[in-house]
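Working notes for the structure below.
Heavy atoms only: backbone and side chains are in, while hydrogens, waters and symmetry mates are out. Note on naming: letters A, B, ... go to the chains in the order of the sequence lines (proteins, then strands), and numbering restarts at 1 for each one.
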Amino acid sequence: MWNNSSLCCLLALAILCLRSLIYSQEIGSLGHPWNFKCVTHNLRKMICTWDVSLKGRHGQTDFCYTTNDLPPPVCFKTKEKRVEIPVPESSSTVTITTNSISGTAFATKEFEIHKKDISFVPLTPHILSLTPDFSTSTLNLKWSDSGSVFPYGLDAFWQIQILRKEAMEKVIQVTYYSKLTHEDIILSWNWTSDMPLECTSHYVKIRCYINVTQFVGPKDWSDWSPVEEVPGKDTEPNGSGVFPQDTVVAVGSDVTICCVHEEGQQIQRMTYGPEVYPMIHLSSRSSAIRVLNASASDTSGTNVVCILSEDEMDGTVLFVGYAPDTPQNLSCETFNFLIIKCTWKPGRPSGLYGKRRTKYSLFERISGKNVSCEVNEMNRERVCGFPVLADQNTYDFILGVSNPIGQTESSLMVDLTQRVHPKTPEKLTVSGNSSTSVRLRWFINGSFAEIRLLCQIEISSGHYERKLHNVSMPGGKFSIYTAQLNALHPYTKYQFRVRCSSADHFWRWSDWSRIEEHTTLEAPPARGPDIWRERSPSGRSLKIFWKPLSLSEANGKILSHEVSCYLLETPLEYKEVTEPSNSTEIKLGKNDCVVSVVAKNHAGSSPPSRITSVELPSNNVKTDRAVAMGNGIYISWNSYPNMTCGYIVKWCHSSGSEPCSVDWQKFPSNTTDAVIKSALFRPGVRYSFSLYGCKSSGYQLLKNITGYMKELPPKRAPNFTVEETSSDSILVKWEDIPIEDCQGFLEGYRLSFAKGEKDALKPRLSESGNPELKVKNITDLTKKSLKILDLQGKTSYQLDLQAYTAGGLSPPNSLYVVTKEDSVGLIIAILIPVAVVVLLGVVASIFCYRKREWIKETFYPEIPNPENSKALQFHKNICEGNKTLKTLEMNPCTPNSVEVVETQSAAPKIGDTEMMSLAADATVPEDGSDSEVENHVVVSYCPPIIEEEISNAPMDEPVGSSQVVYIDIQSMYQPQINKEEEPEIDLVTTAGYKPQMQLPISALKIESCSPAEEELDKIAGYRPQANTNVWNMDTPDSPGSVESNNENASFGSPCSINSRQFLLPPKDDEDSPKPSNIAWSFTHFFQNKPND
Amino acid sequence: MVLPGPGRRCALSLVHARAAQAMAAADSTSATLRRRDLCSRGIRLAGKMRSDVIDLLDTYVERQGLDASASVAAVEGVPTAAVERWDEQTGTQRLLENLAAYRAFRALLAQMLEEQREQLGEADTALDRALAAVLLQVSAFAYHLEELLRLESRGPPSEEGAGPPPAPHLGLFERKLRGLGVLRELAQWAVRSARDLRQLAKPSPGSSSAPSPAESP
């Protein structure tokens, strides 16, 4: 680094030395001129300077120069060491002679100047003006290019430096380019500061470089101009404030805001909106904050506050918004050829309001006319008016948009004749004195003389379809327009409204005018009414019916009907029947005539309708059924070729108590079916139709038809009664249902029956899901009774009867019947078992009598053989066979235990007496569990063994003198309760679980528990929570009982050490009591029926 | 009945004097009643005005992005409600001060409304409406005070020169602060006016009697 710079310095020095050698030949010679050099500022003249190596004073200098073009030298005297001479074309010889003060020459020196040795340095530019625009923080710099002294077309470069703060820190240096035009031009350059100019002082200086390509000498930048200053507010004695003041910036820009205060004050903090920003020190009286990427401000702007002390603050408001968006959907049209209305959508809101809002102007390029638009900022669509110009149809609009941040525009070219949107037609009037035509008049506010208008008239009425009628007419200037409408219906209230558009180039319809109503006048009815006649049952009078004419046929309000009767052109009867009657009766006697009916309104009479009264005789008139079809009734008939003038279907509507109203429909003679529809038809109502054929001689009844528009289920079921009951059958009879309750053609009856008691809450049979439900379907409608067979005797049955049509089932009628008792069966049921028992008894007696020796030998021998003894076999089995019995395991079977042998025959007796005494001693529980106790006693056996076992048991002592001990499941656990464990038991009993029910302790009482145990029970330590009686399944000491106990799941149940009861009942506790239950069931078999 | 000569004249003058006395008494009673009525209505107006100004202050502070706790130095041209020796003021003095203040407020609020419309256009109609409503109340109250002054047998002073000085060229922020100051002071004035009117409404021998010191605000 150092080496490089020193090398550069040396090189520069060498160049300077070399140049000195060139320009001055002798340096250091006394009085000799040296260091001769020439510089040009304008390429025409150059300024040459030299030095003289003379320390003392010298006189004038003779200066001569020659050029190649001008051989005679030009000489002059000068006192300075600086001359201005023309720039030579190629080179020039200069002779400088220095004279003493007295005028004698003491040194002469000649220099040859080549053009390449002449330097070109433009004159230092001079700043003409430096104008600050504080509102935009812009500096405007003006200077002259002095181009007049240079040839045309030279490139000039201007270097401008901006400095800031007292320390003159360079902010920016830019190079400005211009072309010299051989004229003195004032150049101008603007620079916008990123910091408000008020914040601190700004300085500007400038220099230039002119690129003279043809100049061969060295060229250099001019010197910097003197600095121009724009002082900041911080230099003013009382200058203070926050800057920029109330300015507008674009969203996303970086903004510097400064606070200038007076001497001696201190800024505490500066906030932008709600946020405190770090401050940038500018000067002793000025600090700034920099807000980067500013976001859109509120409508009232963002406050920037400079807090100097608690009570002193200064601030400014910054508005941050968007440049205007390009208007969208610009569209222009005229509604009156006076004003062109242009509309557009403003696009993105600028976020600037009030005086900073976006402003619009409409400029028309062809005419050059400009209008500014007053628009409502809050409207989504903007509107601007432009006057229609005379003799101009094409308009080329430019919509200019601007706000403080920016501007944009949108353009549109329109042919006004193609953009006509007339105003709403006004003052619409309708006039007319006819039943079929009217004249409409309306006014349109606008001048449409240059175009034709197409107007659309909407014609609507309550009864006819809406129609649109288009009328084209020449436009006028604020004119009234008229249109004639024909072919309207008489006596009809019409609503008219009009809208218009341009006929030649449709653009848009105007809005509809308000609606105007008009009713056309009446006209005579268009046709005669549709008529029918019926002879009275007596045949002496004729009733004539007619149907009212439709509105389109009546052509007015029908006032009356004229009814007349002619017999061969001779009027027999004439009647005028006023509205609203639609029938009349005329007395004919036995005569026939042609009836004529004419409808009349204010405008006149209708053509007459005629019908003959002649009714042709008919034979075998059948009645058919019609079929429901949709919301009508379908009827059909055969073709009758001799019916020349068609068919008439007549029916009658009856509603409530009023007499039925006759209705009819006529069909041409080629018709053989029809769907009769009427708004009066109701579902479930039977209608009767009569089909008449029309002949020239009269009308003939062809057939009758009945039908429903829709069949419904019958309203109710037929009433029915039970005529007769036996032990296995019921005879049921029912009545017919009235036709009005049928609501359809009856198809049959449905009788359901099942066993059942009378119960109001019981569901219907069909819904009960009873599996025994039986249903009988009766399709023969003539049948009015039914016998139900195969029933059970003395049983209650529920019977439901329903009727049904194609529409469904009626609600049922129910009856409850109890069949009679079957006495024979009952007798048989009693006698047979009795007979069987007696027979068995007799057989057994006979058998025993005959085999009495064998029986005695086997069961009661004189010397009993132990091997033959069943009882001993029993014990043997116990001892040898069943290893699973814990009781037996614990007490090994020894022969001497069979001491029963010694007492021989007494043994059974003792056993019996013991059992009897036990039964007598046993305390019978009061809770009705005697049956169980009884079971214990009856079935228990083998007392000696029991005694033996009990004598070995450790708990015998407390038992005392009791001869018989029930060995049940509980006793097996008795050894667990010994005296050693009693303290523990005490502990348990005193602090243990409290019972939730009273324990039945009969079993324990029988066992004669020790007083301590009794006491324990009384204290009631743990007690079972279920009824323990249930758990005593069988007699514990019986063989079966022992086995069952062994197999009993109770063995696995936890047992309270205190209560000796199983805490959990055995799983098969429901099975265990079965034997006793079964026994009970058998005993009661003939007394109780099952609960079914 | 006709009385002869001077006796009649005397009697007449006596009658006149009594009638005049009675009339004067009646006038005085009706004037007192009217004054009381005007005062009580004025108190209600002031109460409503204060409530509305407090609401407006909230809206104003929010919409202008100002700090509600910002202290605002006394604004030039805005009359201050605080007064020394309030209890020694006469009724007329009170009315005159009130009237001057509300006339000033009327002008200041009109100025604020105009500036608001200029700055925000139609962007903030809520603030615009609230300002206009308060301006209307201030005008009504000033008119009410004029009525009271007329009842005091002293017409209201002319409005010439009573308006605020022409608005100095202020920055937008300063105008916001000025508006805040105006509204705060107006809220104070609404309180003072209610007390002034309550004082006036009290039965006293003359409208110019001073209230007791204990009743000073």
Count the heavy atoms belonging to other residues, nucleotides or ligands that lie under 6.0 Å from [atom1] of [X], then report whether that count exceeds 12.
X	atom1	result
B/Glu114	CD	no
A/Glu236	CD	yes
A/Gln407	CD	no
A/Arg348	CZ	yes
A/Glu374	CD	no
A/Gln328	CD	yes

Any chance you could measure A/Gln245, atom CD, to B/Glu174, atom CD, to the nearest 0.5 Å?
6.5 Å
What distance separates B/Leu120 CG from A/Arg356 CZ, expressed to the nearest 0.5 Å?
7.5 Å
Answer yes or no: is there a side-chain heavy-atom contact under 4.5 Å between [X] and [Y]?
X	Y	value
A/Ser300	B/Asp124	no
A/Val317	B/Lys176	yes
A/Met313	B/Leu177	yes

A/Asp246 and B/Leu172: which non-hydrogen atoms are nearest, and at how many Å?
OD2-N, 2.6 Å
Residue, of A/Val305, A/Thr302, A/Ile307, that accumulates the most heavy atom pairs under 4.5 Å with chain B
A/Val305
Contact origin within A/Thr299 toward chain B - heavy atom pairs under 4.5 Å
both
What pairs of residues pass the disulfide bond (SG atoms under 2.5 Å apart) test when at least one of them lies in residues 255-303 of chain A, not counting sequence neighbours?
A/Cys199-A/Cys258, A/Cys259-A/Cys306
B/Phe173: which of A/Leu318, A/Asn303, A/Val304 passes side-chain contact (heavy atoms from CB on, under 4.5 Å):
A/Asn303
Considering only heavy atoms, give the residues of residues 133-150 of chain B separated from chain A by less than 4.5 Å, sorted numerically, with 'none' for an empty result.
none
